[in-house]
Protein chains: 2
Amino acid sequence: MTAQVTPQQETRTSVGARRSEATEAAVLEAFATLLDEVGYAAITMEAVAKQARAGKATLYRWWPTKAHIALSLISKAKVEIAPPAGVSLRDDLIDYLSRMIGLWRGDAGLPVGVLVRHCYAEAWSDPELAEALQAERRERWTMLNDILQAAMARGELPTGTDLARAKDFVMSWPIYLLMTDRLPSPEEIARMVDDTLGGLRSGSSRHPSRDT
Amino acid sequence: MTAQVTPQQETRTSVGARRSEATEAAVLEAFATLLDEVGYAAITMEAVAKQARAGKATLYRWWPTKAHIALSLISKAKVEIAPPAGVSLRDDLIDYLSRMIGLWRGDAGLPVGVLVRHCYAEAWSDPELAEALQAERRERWTMLNDILQAAMARGELPTGTDLARAKDFVMSWPIYLLMTDRLPSPEEIARMVDDTLGGLRSGSSRHPSRDT
DNA sequence: TATATGAAACGAAACGTTCCGTTTCGCAAG
DNA sequence: CTTGCGAAACGGAACGTTTCGTTTCATATA
């Protein structure tokens, strides 16, 4: 059973010896449409080409696999994240993670989290994609780096804190929840940040939670 | 290009109106062999059947997808985990995680971590597999539950600590590293446990680490 | 008799490539 | 400034290949 999807109507023609931005936009839009209609796993390159009114050769020229199309969509979905208020590390982290998780959940229309986790999965057998994904992640976590650095400057973190390691620590729980399909609600995000800041022994994890 | 793999030699026949355990074992062994030879992504049901000298119909009768075969292999790879020494939470966690991560890494021959993460990925579009995976995880984390409970009884954790939540917290960093293909070395495991116990503010994350 | 087995063959679907004819760009000759 | 031309990208169609999941068959056991 194949879902019925109306292809785009505008027909595009070659713009000559340059990459067509209209085609690129059409492909990304087509991918997002199919993601919503049939889900990531059921998306095929053929269907994307048809939906975008593009040739398969054009797809393969710019994107080796559908995961690369997904990565293009991720890169385009930049968050409008306000710079950290700089009041407290706790508030900054809650704000940052809330926006990030909202983007993953699809509050802006596109469920970026679904794309992210599939990119991770396909990177397990595609070193080139793994490298591209790592570069994207580095760029995206710049602001988290700023948040932690500012907190260290204010004395909220010990001087000499390993920022790369701290970034991993902060992101590991959210990403784990993304991978297990249990993205947290806003209240849960605050508790998650408290646990991350205080650790297991702090006792801040005394809250009811759903079963695993 | 297809890798050359020597199929098994023993030929099996029907054992009557019962499931053949010999065939089941042959299929699991064939899967492990192919995993080592060509990698998870390149494994096909046809190749598994050929390698195991089994009929495709037999495969599909017992395992709907190759991820289900992987899950069977995971379930078979039980760790011989010693019960917690009960001396300190830190030591118990380091011991538990070291064994778990060693199993993932493939110290026992089979790189279980590769199977686990692919099962997670296929569970994203297969609710039935997701449920089976969750049941497997619940069973496998029983001992972690015991460790945390004993620590609470000893007063190392606040009474009333949410154990399900604490389990997630403890496992999130290891699983995150599994998903990003950066399983930690023994020394890194100890630092990881310290950070998990103490949290970001404790300052125990002041160590050099590789870049992300 | 009922059920499981290995083996073989099948149609359907997606893959990735290769053509085709068209369009546009950059550059060089007139 | 105009013209011509190679290079490159475009949509579209067709191709052979691979993998899928199913079906059929003869055989073997309880």
### Query
With respect to the phosphate group of dG6(C), does any side-chain polar atom (N or O) of Thr23(B) fall under 4.0 Å of OP1 or OP2?
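For Thr23(B), the contact criterion (side-chain N or O under 4.0 Å from OP1 or OP2 of dG6(C)) is met.
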Rounded to the nearest Å, what distance is computed from the [atom1] atom of residue [X] to the [atom2] atom of nucleotide [N]?
| X | N | atom1 | atom2 | result |
| --- | --- | --- | --- | --- |
| Glu24(B) | dG6(C) | CD | C1' | 17 Å |
| Gln51(A) | dA14(C) | CD | P | 15 Å |
| Glu21(B) | dT29(D) | CD | P | 16 Å |
| Lys50(B) | dT19(D) | NZ | C1' | 14 Å |
| Glu46(A) | dG11(D) | CD | P | 15 Å |
| Arg53(A) | dA13(D) | CZ | C1' | 15 Å |

### Message
So, under a plain 3.5 Å distance rule, would you say the side chain of Lys56(B) forms a donor-acceptor pair with the base of dG21(D)?
### Response
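Check passes, donor-acceptor contact within cut-off.
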Would you please name every residue forming a salt bridge (charged side-chain N to carboxylate O under 4.0 Å, His left out) with [X], sequence neighbours left out?
| X | answer |
| --- | --- |
| Glu136(A) | Lys78(A), Arg140(A) |
| Asp181(A) | Arg117(A) |
| Glu24(A) | Arg19(A) |

### Query
Going by the salt bridge (Lys or Arg N to Asp or Glu O under 4.0 Å) test, which pairs reach into residues 56-72 of chain A, not counting sequence neighbours?
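As it turns out, the salt bridge (Lys or Arg N to Asp or Glu O under 4.0 Å) pairs with a partner in residues 56-72 of chain A, which skip direct neighbours, are Glu46(A)-Lys56(A).
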### Task
Check whether any side-chain heavy atom of Leu148(B) lies under 4.5 Å from a side-chain heavy atom of Phe169(B), and answer yes or no.
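Result no, sub-4.5 Å side-chain heavy-atom pair not found.
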### Proximity to DNA chain C (any heavy atom under 4.0 Å), residues of residues 57-72 of chain A only
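Result for residues 57-72 of chain A: Ala57(A), Tyr60(A), sorted by number.
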#### Entry: By side-chain contact (heavy atoms from CB on, under 4.5 Å) - contacts of Met152(A) (at least two apart)
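Leu157(A), Thr161(A).
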